[in-house]
Amino acid sequence: MAKIIGGITTSHIPAVGNAIAQGLFEDPYWKPFFDGYPPVHEWLAKQKPDVVINIYNDHGLGFFLDKMPTFAIGAALEYRNEDEGWGIPQLPPFPGAPELSWHVIEGMVADHFDITSCQELAVDHGFTVPMQLFWPGLRNNPDMPKAIPISANTVQHPIPTLSRALAFGRALRKAVESYPEDIKVVVLGTGGLSHQLDGQRAGFINREFDEYCMDKIVTDPDALTKISRMELVEKAGAQGTEFLMWMMMRGALGDKVNLLHSNYHIPISNTGAGTMLLECVD
Ligand code: DHB
Ligand code: FE
């Protein structure tokens, strides 16, 4: 049977894509951020997952405001990246795992999550930057797994509640672990932590709230479901709603997890950047 072995979180800031392209790993501004990744590389090199489920929020490349699925799951053989206007190099397509995608879609819909299935989906920086961070070299990296993108709406209100995001992850775990093949799956939650890119509070970061979220996501994710969406925007900023991705990831890991690694650094671009590696216990 398929097994979810763990989850990893990271911010997906586009400027990171440029820093990678320019090799700025030792640059004083970037070093404290990039130093958060080698322990994750070591774990991935040891575990060698077959598939990565990359939970991210599309920012207007795959979906736009005219059609905005609340939850969308990729079911394609490959996922193209396209120019979004951030000036980051366009990446070659990412190989998919359509058989597992369809199994997961069947399972989620049977579990009353009415998701949008996508046989074609262009993936933006929310998906691609984390892939670059975790599997340097991407397709030249022999360990890069096949990928399934899952996008949730954090762009146009109404967005899902934190409680629904956690429940989505729990249903995802059930769906993945009923897949008959013996494969290892790792789940990413990308985005966040606190940030606001526009409006009067542009540049807003809330370290205290970020640290609270990083603590509870390990020990008591249900406590975080008490945060309303209004409160999330107030405490994390308008784009801090990307924390929903972390909740979806956490739900997929089961009740108990071991925290293997954690790094927090502010600011990177406009964001409180959190990297966490959580290993499933059962
Ligand atoms: C930034 C952060 C994001 O999550 C994003 O999608 C775009 C930009 C930033 O901090 O610059
Ligand atoms: Fe974002």
Side-chain angles (χ1 to χ4, degrees), residues 8-22 24 27 29-34 36-37 54-65 68-72 74 79 81-91 121-134 149-157 159-160 162 165 188-207 209-210 213-214 217 229 232-249 263-276:
I8 322 173
T9 71
T10 179
S11 159
H12 58 217
I13 300 161
V16 170
N18 270 321
I20 292 172
Q22 291 167 34
L24 300 179
D27 179 279
Y29 178 83
W30 289 102
K31 191 171 165 32
F33 171 77
F34 284 119
Y37 291 84
N54 185 329
I55 302 177
Y56 74 110
N57 58 290
D58 180 83
H59 303 70
L61 182 74
F63 313 108
F64 199 59
L65 303 184
M68 182 54 67
T70 301
F71 294 113
Y79 301 94
N81 173 229
E82 288 172 9
D83 184 6
E84 307 170 62
W86 291 102
I88 40 181
Q90 201 174 319
L91 299 173
L121 179 59
V123 286
D124 75 1
H125 66 274
F127 175 100
T128 60
V129 167
M131 293 297 288
Q132 287 180 284
L133 283 166
F134 295 137
I150 296 186
S151 174
N153 169 30
T154 63
V155 171
Q156 176 162 264
H157 293 271
I159 61 174
L162 284 90
L188 309 186
T190 96
L193 286 162
S194 59
H195 61 304
Q196 174 145 344
L197 301 179
D198 46 23
Q200 283 187 344
R201 289 203 306 166
F204 173 82
I205 289 178
N206 185 346
R207 179 180 198 124
F209 184 68
D210 288 346
C213 290
M214 288 177 82
I217 199 91
R229 289 165 293 174
L232 185 61
V233 172
E234 191 186 307
K235 295 213 166 122
Q239 280 73 41
T241 50
E242 292 178 348
F243 185 65
L244 287 173
M245 314 297 108
W246 292 43
M247 291 295 278
M248 291 164 70
M249 175 226 58
N263 187 50
Y264 179 73
H265 183 68
I266 49 172
I268 283 295
S269 191
N270 299 291
T271 299
T275 306
M276 300 183 84

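What you see is a predicted model; the values in this text were computed from it and never measured. Counting convention: from 1, in listed order, for ligands and their atoms alike.
Listed by atom number, the atoms of ligand 1 under 4.0 Å from His59 heavy atoms are 6 (O). Listed by number with element, the atoms of ligand 1 under 4.0 angstrom from any heavy atom of Thr271 are 2 (C), 9 (C), 10 (O). The distance from ligand 1 to the heavy atoms of Glu242 drops below 4.0 Å at these ligand atoms: 4 (O), 6 (O).
Within the 3.5 Å criterion, the main-chain N or O of Ala273 finds no donor-acceptor partner in the side chain of Ser11. Of the possible polar contacts, none joining the Trp30 side chain to the Ile268 backbone as a donor-acceptor pair under 3.5 Å is found. When atom types are taken as modelled, the side chain of Asn153 and the backbone of Met68 share no donor-acceptor pair closer than 3.5 angstrom. The backbone N or O of Asn81 sits less than 3.5 Å from a side-chain atom of Gln90, completing a donor-acceptor pair. Judged by distance alone, the side chain of Asn54 and the main-chain N or O of Thr128 form no donor-acceptor pair under 3.5 Å. A distance-only check finds a donor-acceptor pair linking the side chain of Arg201 to the backbone of Glu234 [under 3.5 Å].
Contacts of Trp86 with ligand 1, taken as heavy-atom pairs under 4.0 Å, involve the side chain alone.
For ligand 1, the polar-atom distance check against Ser269 finds a nitrogen or oxygen pair separated by under 3.5 Å.
Summarising the local packing, CZ of Phe64 is surrounded by 12 or fewer heavy atoms from other residues, nucleotides or ligands at distances under 6.0 Å.
Residues meeting the side-chain hydrogen bond (donor to acceptor under 3.5 Å, both in side chains) test with Thr10, sequence neighbours left out: Tyr37.
The protein heavy-atom contact nearest to atom 5 (C) of ligand 1 is His125 NE2, 3.5 Å.
Taking distances strictly below 2.8 Å, the protein N/O/S atoms close to the Fe ion (ligand 2) are His12 NE2, His59 NE2, Glu242 OE2.
Using modelled atom types and a 3.5 Å distance limit, the side chains of Ser151 and Asp58 yield no donor-acceptor pair. Using modelled atom types and a 3.5 Å distance limit, the side chains of His59 and Glu84 yield no donor-acceptor pair.
The closest approach between any non-hydrogen atom of Pro14 and ligand 1 is below 4.0 Å.
Closest heavy-atom approach to atom 3 (C) of ligand 1 among the candidates Glu84, His195, Gln239: His195.
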